[in-house]
Amino acid sequence: MQRGGGMRTEPAVVAAAAAAGVPAQGAVSLSPGRRAWLRFKANRRGYWSLWIFAITVGVTLFAEFIANDKPVLVRYDGGFYVPMVRTYPETTFGGDFRTETDYLDPFIREQLTRGANWAWFPPVRYRFDTINYFAPSPNPAPPSSTNWLGTDDRGRDVLARLIYGFRISVLFGLALTVVGVAIGILTGALQGYFGGRTDLAFQRLIEIWGSVPELYLLLILASIFEPSIWILLAILSLFGWMGLSDYVRAEFLRNRQLEYVTAARALGLSNRRIMFRHVLPNSLTPVIAFLPFRMSAAIVALTSLDFLGLGVPPSTPSLGELLAQGKANLDAWWISMPTFAVLVGTLLLLIFIGEALRDALDMRKG
């Protein structure tokens, strides 16, 4: 339609062109990354889940400033002290012993609030391993003004262990996802790009390695070595790459016959450069879409192994260890219910993010 000496594109034409991935005349052309981001934002559930998850993880990264039995800053008799950075003996604050100060001791707390003295404590005044020896109720103690979610069967604050346990679970899931994705991309790229005997050899090796019972291997290693999160990460990484490798292999098998790969070979580019500079960026769609789901699977794996006693050491805070305590103390609902809510909420957020990523990378959607 001609109006004012210019061509105006009808809204229906713009919408149809956007759905087909072709910019209409007079419409602004968007890059593929910008289109994917707009499709991701259009999924409000996934978009807000990403924000909630990112903020929660960012806050728990500073768990020492949220849940700690040491003050952030102390002013005592005109001097300033930083207990989180430096260890002070009890005599510094008027005590009788030269041992490390227990800032939960009623005498020390009275000294720190006497006169012009003051202490800036974190919101939760307990670390994940702090035992509340001054609790008025026997352990596990129900929620109170001092322990907002109560204590476990050893007198440790449940809220503090939840904060630290969530951080460990997320960081472990992220590390396991990164390692698994790196190995899966490498093996899938080699199989899909070279094909032939290389592909057959890798497939046979994957079939053999996939038949190894992972749980039995964990039981054997747990009886030989002391439980450690690094050993657990190494073992799970050996098995967590095979599923993703199949998707990358299929993408490379499809893309290696396209014209731009043939042109790159004709120009004399090396196989490594073609694989990781040209083919890999066009094969990352399934990798990116599966990242949140792989991370949620890693968190579930760690929680399950901790629940069975095969994961991290007993002193380490974890969601699985709290669930095991809730199972052993069924009347202490304040242990199992918040832990279950944190675990389910984390998995739901990751699933919503994964669904939004899958929709954003679907090129059939405008």
Side-chain angles (χ1 to χ4, degrees), residues 55-168 312-319 321-322 324-326 328-329 331-339 341-342:
I55 292 173
T56 306
V57 173
V59 170
T60 54
L61 289 178
F62 304 93
E64 286 77 9
F65 295 94
I66 301 174
N68 206 320
D69 55 1
K70 297 179 180 179
V72 179
L73 184 65
V74 172
R75 185 183 187 275
Y76 182 79
D77 288 349
F80 289 91
Y81 304 88
V82 188
M84 283 191 180
V85 179
R86 186 177 176 183
T87 301
Y88 301 100
E90 188 178 298
T91 54
T92 306
F93 305 107
D96 299 324
F97 305 101
R98 297 194 60 83
T99 56
E100 183 179 354
T101 304
D102 181 7
Y103 297 94
L104 298 180
D105 189 333
F107 173 76
I108 298 298
R109 296 177 68 174
E110 181 181 356
Q111 289 290 102
L112 296 180
T113 55
R114 178 175 51 85
N117 301 333
W118 52 265
W120 175 22
F121 278 91
V124 181
R125 297 191 177 186
Y126 301 93
R127 252 169 55 99
F128 66 89
D129 55 353
T130 304
I131 299 177
N132 187 5
Y133 293 104
F134 308 100
S137 304
N139 297 317
S144 62
S145 58
T146 55
N147 301 105
W148 297 344
L149 291 181
T151 61
D152 62 5
D153 54 5
R154 300 181 186 178
R156 299 170 298 190
D157 188 76
V158 173
L159 178 57
R161 292 187 69 81
L162 271 179
I163 294 173
Y164 284 88
F166 174 81
R167 182 177 68 175
I168 288 179
V312 297
S315 59
T316 306
S318 68
L319 302 180
E321 189 265 344
L322 283 172
Q325 284 201 43
N329 303 274
D331 55 334
W333 56 267
W334 54 87
I335 300 178
S336 56
M337 293 299 292
T339 308
V342 169

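Numbering starts at 1 and runs along the sequence shown. Keep in mind the model is a prediction, meaning the values are calculated, not measured.
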Least distance between heavy atoms, V72 atom then V82 atom: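 So the two residues come closest at O-CG1, 3.6 Å.
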If you take all heavy atoms of V158 and T151, which pair is closest and at what distance?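 V158 and T151 have their closest heavy atoms at CG2-C, 3.6 Å.
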Once rounded to the nearest 0.5 Å, what's the spacing between atom [atom1] of [X] and atom [atom2] of [Y]?
X	Y	atom1	atom2	value
N329	D152	CG	CG	8.5 Å
Y76	T113	OH	OG1	10.5 Å
R109	F107	CZ	CZ	14.0 Å
T130	R161	OG1	CZ	10.0 Å
L159	F128	CG	CZ	14.5 Å
D69	I131	CG	CD1	11.0 Å

Is the shortest heavy-atom distance from the side chain of [X] to the side chain of [Y] under 4.5 Å?
X	Y	result
V57	F166	yes
W333	P143	yes
L162	L322	yes
S336	T339	no

Any side-chain hydrogen bond (donor to acceptor under 3.5 Å, both in side chains) involving residues 89-106? Give me the pairs, sequence neighbours left out, ordered by first then second residue.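 Found K70-E100.
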Hey, are T316 and S318 close enough side-chain-wise for a donor-acceptor pair under 3.5 Å?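 Per modelled atom types, S318 and T316 side chains form no pair under 3.5 Å.
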With sequence neighbours excluded, residues passing salt bridge (Lys or Arg N to Asp or Glu O under 4.0 Å) with R127: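 Salt bridge (Lys or Arg N to Asp or Glu O under 4.0 Å) check on R127 returns D129.
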Can you list the residues that meet the salt bridge (Lys or Arg N to Asp or Glu O under 4.0 Å) rule with E110, with sequence neighbours excluded?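 None.
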Tell me whether [X] contacts the main-chain N or O of [Y] through its side chain, where contact means a donor paired with an acceptor under 3.5 Å.
X	Y	result
N68	P122	no
W334	W148	no
R125	T146	no
T60	A63	no
N117	D77	yes

Could I get the full list of ring-ring contact (aromatic ring centres under 6.0 Å, His included) partners for Y81, not counting sequence neighbours?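 Here the qualifying residues are Y88, F93.
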Residues which pass ring-ring contact (aromatic ring centres under 6.0 Å, His included) with Y126, listed by chain and number, not counting sequence neighbours: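 With sequence neighbours excluded, Y126 shows a ring-ring contact (aromatic ring centres under 6.0 Å, His included) to no residue whatsoever.
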Can we say R154 and E321 salt-bridge, meaning some charged N sits less than 4.0 Å from an Asp/Glu carboxylate O?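 Looking at E321 together with R154, the answer is no, because their closest N to O distance does not fall below 4.0 Å.
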Taking side-chain contact (heavy atoms from CB on, under 4.5 Å) as the definition, give me every residue that meets it alongside A67, ordered by chain and number, with sequence neighbours left out.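 For A67, the residues satisfying side-chain contact (heavy atoms from CB on, under 4.5 Å) (neighbours in sequence not counted) are V124, A160, I163, Y164.
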Quick check: are there more than 12 heavy atoms from other residues, nucleotides or ligands sitting under 6.0 Å from CE of M84?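 It does: M84 CE has more than 12 such atoms within range.
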